[in-house]
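In what follows, a single structure is set out as structure tokens and then discussed.
Since the structure is predicted, the reported quantities are computational estimates derived from the model, not experimental observations. Just so you know, these numbers use all the heavy atoms, side chains as well, and skip hydrogens, waters and symmetry mates. In what follows, chains are A, B, ... by sequence order, proteins preceding strands, each numbered from 1.
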Number of protein chains: 2
Amino acid sequence: MTATTPQPPTKAQLLELVAALGTAQWQDFAAAAGRHGLTSVQAKLLAQLKGPVPMRGLATLLVCDASNVTGIVDRLEARGLVRREPDPADRRVKNVVATDEGRETIHRVRAEMQATHTALDALDEDERTTLYGLLERLRPGMEHRA
Amino acid sequence: MTATTPQPPTKAQLLELVAALGTAQWQDFAAAAGRHGLTSVQAKLLAQLKGPVPMRGLATLLVCDASNVTGIVDRLEARGLVRREPDPADRRVKNVVATDEGRETIHRVRAEMQATHTALDALDEDERTTLYGLLERLRPGMEHRA
DNA sequence: CATGGATGCTTGATGTGGTCAAGCAACTCG
DNA sequence: CGAGTTGCTTGACCACATCAAGCATCCATG
């Protein structure tokens, strides 16, 4: 059942498969976030905070309106997972940083994505390298969206 | 450019890459749907309708509450993209079917996912076959989520 | 400088998507 | 027949998405 397949998959099939996987991983992420009382969007925002990020930057990263970020950060801040601090260089800007608890929480969420982790275990190192290489070639084209 | 890479990617890196690709594809899908006046969820529902599907089935497919489906189908029906028809075998059930316009619309949405299509063009047939095989091995583990 | 235009953030209005609890109609099975 | 189950809708409520408006601050140009 290995590659004796003379039939390469349709672009549509491949597309569908990528979509299914993306969805599955997203569900897994959302479920893990939910166990910690976070919505998936809140968790996604938290995941971006490796350092201080201005509100505007978060809007860009999340591909949404800036006014939207205000509310999400409000709720995260209310739970003490995130802090707004003034930017020393520009008083308009508020930089968002994860608190210790915030970092801890998002770390756990990632670790708890069991379905995704066990799925990846199905591949050995060579296969992962191959997959990584192929996926990386797909990425750039996805990004230059208008 | 075959496997002379001695460094296999971390699971975390691979995971992140899959997530990024899934997000990019989703954005592409949402944008295409938006151009036709549909939200991404509406388009996703429409994409499931290859035949008649009961409301309950849609809830399962979309992994959400049945009460949620009511509203989404309401809005699609108001635009004439979808119809509710009674199930001959069970009068409780309402089967949702896409209208001609609905099928046409979702078909166009798929076709307009330019970023995704051009990304896939970066791979030749062999690579697509390889990728498909690898991704398929990932899928089952993603699905048996509780 | 001074002032006009950009930029960063928040607020408010509005629509959609998500949950849950409750309700009704219809099926099923003892 | 009657009790329980299932399928769908409704209503209440919150999160998230957009847009338009507003305010503070920055910046560039005169």
Write down the protein N/O and nucleotide N/O pairs, taken from nucleotides 24-28 of chain D, whose separation is under 3.5 Å; answer none if there are no such pairs.
residue : atom : partner  : partner atom : Å
dT25(D) : O2   : Arg92(A) : NH1          : 3.3
dC26(D) : OP1  : Arg91(A) : N            : 2.9
dC26(D) : OP2  : Arg91(A) : NH2          : 3.2

Distance, rounded to the nearest Å, where [X] contributes [atom1] and [N] contributes [atom2]:
| X | N | atom1 | atom2 | result |
| --- | --- | --- | --- | --- |
| Glu85(A) | dG8(C) | CD | C1' | 17 Å |
| Lys94(B) | dT6(D) | NZ | C1' | 14 Å |
| Leu76(A) | dA15(D) | CG | C1' | 12 Å |
| Arg79(B) | dG15(C) | CZ | P | 13 Å |

Notebook entry, point to check: So, do Leu138(B) and Thr116(A) sit near enough that their side-chain heavy atoms are less than 4.5 Å apart?
Noted result: no
Counting C-beta onward and ignoring hydrogens, is there a side-chain heavy-atom pair between Leu120(A) and Leu15(B) closer than 4.5 Å? yes
Residues in side-chain hydrogen bond (donor to acceptor under 3.5 Å, both in side chains) with [X], at least two apart?
| X | answer |
| --- | --- |
| Arg56(B) | Thr60(B) |
| Thr10(B) | Gln13(B) |
| Glu101(A) | none |

Any side-chain N or O of Lys44(B) under 4.0 Å from OP1/OP2 of dG17(C)?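 No, no such contact exists.
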*Any Arg84(B) side-chain nitrogen or oxygen under 4.0 Å from OP1 or OP2 of dT9(D)*: yes
With B for base contact, S for sugar-phosphate-only contact and - for none (protein heavy atoms under 4.0 Å), nucleotides 16-21 of chain D reads SBBB--
Among all residues two or more places apart in sequence or in another chain, which pass the side-chain contact (heavy atoms from CB on, under 4.5 Å) test with [X]?
| X | value |
| --- | --- |
| Asp126(B) | Asp124(B) |
| Ala43(A) | Phe29(A), Ala33(A), Leu38(A), Ile106(A) |
| Val41(B) | Thr39(B), Ile72(B) |

Listed once per pair and sorted, the salt bridge (charged side-chain N to carboxylate O under 4.0 Å, His left out) pairs that draw on residues 35-49 of chain A, sequence neighbours left out |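 Found Arg35(A)-Glu112(A).
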Residues 45-54 of chain A vs salt bridge (charged side-chain N to carboxylate O under 4.0 Å, His left out), sequence neighbours excluded, gives none
So ring pair (Phe, Tyr, Trp, His ring centres under 6.0 Å) across residues 95-137 of chain A, not counting sequence neighbours, yields none
One would report the end-axis bend of the helix from dC1(C)-dG30(D) to dG30(C)-dC1(D), five pairs per end and rounded to 10 degrees, as 20°
